[in-house]
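Just so it is clear: chains get the letters A, B, ... in the order the sequence lines come, proteins before strands, and each one is counted from 1. Side chains included, hydrogens not; waters and symmetry mates left out as well; all remaining heavy atoms used.
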Protein chains: 2
Amino acid sequence: MGRGPTSKDVARLAGVSQSTVSYVMSGKRSISAETLRRVEEAMAALNYQPHAGARALAGSRTNTIAIVMPFASAYDAGQLMAFVEEFVLAARVHDYDVLLVTAEEGIEGLRRITGGRQCDAAVVMQVTAQDQRADLARTLDFPVIFIGVPEDTTGLACVDFDFEAAGRLLVEELADLGNTRLSVLGWGADSVGRDYNYIGRFARGVTGAAEAHRLPVDWHLAPAADGFAAVLDAGLHPDGGRTGIIMTAGLSGGMRALALRGLVPGRDADVVALCTEAEAEEQVVPLTAVSTQPRDVSRMVAERLFALIDAGCPAQEGVDIVPATLVRRASTGRA
Amino acid sequence: MGRGPTSKDVARLAGVSQSTVSYVMSGKRSISAETLRRVEEAMAALNYQPHAGARALAGSRTNTIAIVMPFASAYDAGQLMAFVEEFVLAARVHDYDVLLVTAEEGIEGLRRITGGRQCDAAVVMQVTAQDQRADLARTLDFPVIFIGVPEDTTGLACVDFDFEAAGRLLVEELADLGNTRLSVLGWGADSVGRDYNYIGRFARGVTGAAEAHRLPVDWHLAPAADGFAAVLDAGLHPDGGRTGIIMTAGLSGGMRALALRGLVPGRDADVVALCTEAEAEEQVVPLTAVSTQPRDVSRMVAERLFALIDAGCPAQEGVDIVPATLVRRASTGRA
DNA sequence: TTGTACGCGTTATCAG
DNA sequence: CTGATAACGCGTACAA
């Protein structure tokens, strides 16, 4: 494997000093039009590309951002991909590359990456309420952005989707449609709520809005959801009432449960979901839904991160929230 | 952002020379038990981690592998994620990290990554029949592994799933079940076939087996697939015959088309698919299917790549094929 | 078994 | 506006 041309080779060919070549690239001092031309020609002729390692060593910046990613996770793969793609694109705009680290490496992964100076910043996804990586980040003097909100956010930069508003929007939609009670299939109200706190925030949104509209709610945990099946079997609209359905986790299971009983969303019941746009649209009856917008989250993360990097700050405390919006489709009678 | 301890700091604390520290890490010369202990203690005490850039510069290896990934692609997101996860895990076993590059950067992306010595090898996914990146790789003297098979494979290392066998297996399954004709929803037989040659290979597998069993086949392109709808409307089993259905692309659309007409896979027709395991299992009626096994492909790629790296070869010509297997589920009467 | 000394290809400082 | 030159932190002959 050939060694490749160095800035010294470029300098020789252009008839200038090596440092001049460096300055041409960085633009940190003014260059005469003539030398500029000759250096650029030489670079093109040699197909020169600066050595990343040497650059990192001398300049102490890698132009790389690590993203710590949960693969086998509660998140949907499409969501993850969308997030990552958007992030990589944003990074490229700022001339940064992206290093992938699995969340499985846990806290050691973050330590390894930051300690070895392989990157200038890190993004940590799927943050839990009590996340060790949050504690590490506080001691690190290194820019880290968290996706998700740990319990203690002091000294941390976090970004997350507005799950509370999502819950509220879904309930209000069902209330507006005249439903008199709600059945939620997905994460449990409090059981799972302590691990990822977005579950709790979503539940709070649902509960708050349901109370405001005086709607009783019953929760069923996916994927077992025997209770949910029981609700369907008992009849969705007892006593002249009307049961609206909210789905979060276990969407495909829930849809199957409906289909097996000949229940059609939008006709036999109003069904809304918190899911991806793709999922909402690929159902037999497309779902009225609030979709977590991974690309919006990604853009917000990138914006904030590059602001940090440019400023040279380790981290800027604060939680950014990506707004939730509801899209109406055929699964609610209205559309 | 503090500079972090260097091997010199470790050396000073351990009372040895810097080179000794280096040799302790590389294991490239024998160290007395005593010095070994002291160096390791010093490293632990300082929480030392070698500077990746300095390492790359001095040792001319980055311990990083780039993976060129198509995000918004014909591939399913779950497939991509599974592939990447498996690859990252394999890489970590060999003490390598993974750099993510979007296929959108095209040929320049590959050039940039390899030229800048940001990685020791690259994996290029979603290779087309006439892929410019293949031509670049041949001139590069740099280990690259392609996923997918370009038309001209001389000098290239490729890995791919056995799409031809997949087509054959699906046809044979339908033939065994007594179907007398086949309807294929997905990629066109030849129209799209020139771009990604796996489409052609799949078509060849289908056609070959269909001819062997004397089954007529009609092809319908997703996502429009008006012809497919027409077949359904015309009745699947005319003249005492029996139409078996094969789905590749446009799976959800195809399933919806069946559902809208009250057709239940396994009851009203035998349906088989080439799709992911997840897709096969999350249908209302789980699908008998051949699943491209991204993790198998990933492992094969990793194995081959690290063999190359360890050997120091630029690339070892040859196409590796990951075998196809069919899993029976409820969508064919049998299961 | 260990230490010395040099080079890897940049960036950045200091002269000119 | 430009050219020498000293870091940057680690790998590795070469010497002892």
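For Thr20(A) and dG3(D), the shortest distance from a side-chain N or O to OP1 or OP2 is below 4.0 Å. Between Ser30(A) and the phosphate of dC1(D), there is a side-chain N or O to OP1/OP2 separation shorter than 4.0 Å. One finds no side-chain N or O of Ser60(A) lying less than 4.0 angstrom from the OP1 or OP2 phosphate oxygen of dC8(D). Phosphate contact (OP1/OP2 of dT10(C), side-chain N/O of Tyr48(A), threshold under 4.0 Å): present.
In this structure, Lys8(A) atom NZ and dG3(D) atom C1' are separated by 14 Å, rounded to whole Å. In this structure, the CZ atom of Arg29(A) is 11 Å from the C1' atom of dT11(C), given to the nearest Å. Here the P atom of nucleotide dC1(D) and the CG atom of Leu36(A) are 11 Å apart, to the nearest Å. Taking atom CZ of Arg61(A) as the reference point, atom P of dG9(C) lies 22 Å away to the nearest angstrom. Atom CD of Glu34(A) is separated from atom C1' of dC1(D) by 13 Å (rounded to the nearest Å). Rounded to an integer number of Å, the gap from Leu57(B) CG to dA7(D) P is 17 Å. In this structure, Arg3(A) places its CZ atom 14 Å from P of dG7(C), rounding to the nearest Å. Across the protein-nucleic acid pair, Arg55(A) atom CZ and dC8(C) atom P stand 19 Å apart, rounded to whole Å.
Of the candidate nucleotides dA13(D), dT10(C), dG9(D), dG9(D) has the atom lying nearest to any side-chain atom of His51(B). Comparing dA12(C), dT2(D), dC8(C) against the side chain of Lys28(A) picks out dA12(C) as the nearest.
Of the two residues near DNA chain D, Gln18(B) and Gly15(A), the one whose nearest nucleotide lies more 5' is Gly15(A).
Under a 4.0 Å N-O distance rule, the pair Glu34(A)/Arg37(A) qualifies as a salt bridge. Ion pairing of Glu303(B) with Arg299(B) is absent here, as no side-chain N (NZ or NE/NH1/NH2) approaches a carboxylate O to less than 4.0 Å. Using a 4.0 Å cut-off between charged side-chain N and carboxylate O, Arg295(A) and Glu85(A) make a salt bridge.
Using a 4.0 Å heavy-atom criterion, one finds that Ser19(A) contacts the bases of the nucleic acid, with or without backbone contacts as well. Backbone-only contact: Ser32(B) has heavy atoms under 4.0 Å from sugar-phosphate atoms and none from a base. In this structure, Ser22(A) reaches the bases: a heavy-atom distance under 4.0 Å links it to at least one base atom across the strands shown. Contact annotation for Val16(B): backbone-only contact, meaning every heavy-atom pair under 4.0 Å involves sugar-phosphate atoms and none involves a base.
With contacts defined as side-chain heavy-atom distances shorter than 4.5 Å, the pair Met69(A)/Thr102(A) does not qualify.
A pairwise comparison of heavy atoms in Met300(B) and Asp320(B) identifies SD-CB, 3.5 Å as the closest pair.
With hydrogens and angles ignored, no donor-acceptor pair under 3.5 angstrom links the side chain of Thr35(B) to the base of dT1(C). For Ser17(A) against dA4(D), no side-chain N or O and base N or O form a donor-acceptor pair under 3.5 Å.
Just one of Ile65(A), Val68(A), Ile67(A), Val101(A) meets the side chain to side chain contact (heavy atoms under 4.5 Å, CB included) condition when paired with Ile113(A); it is Val101(A).
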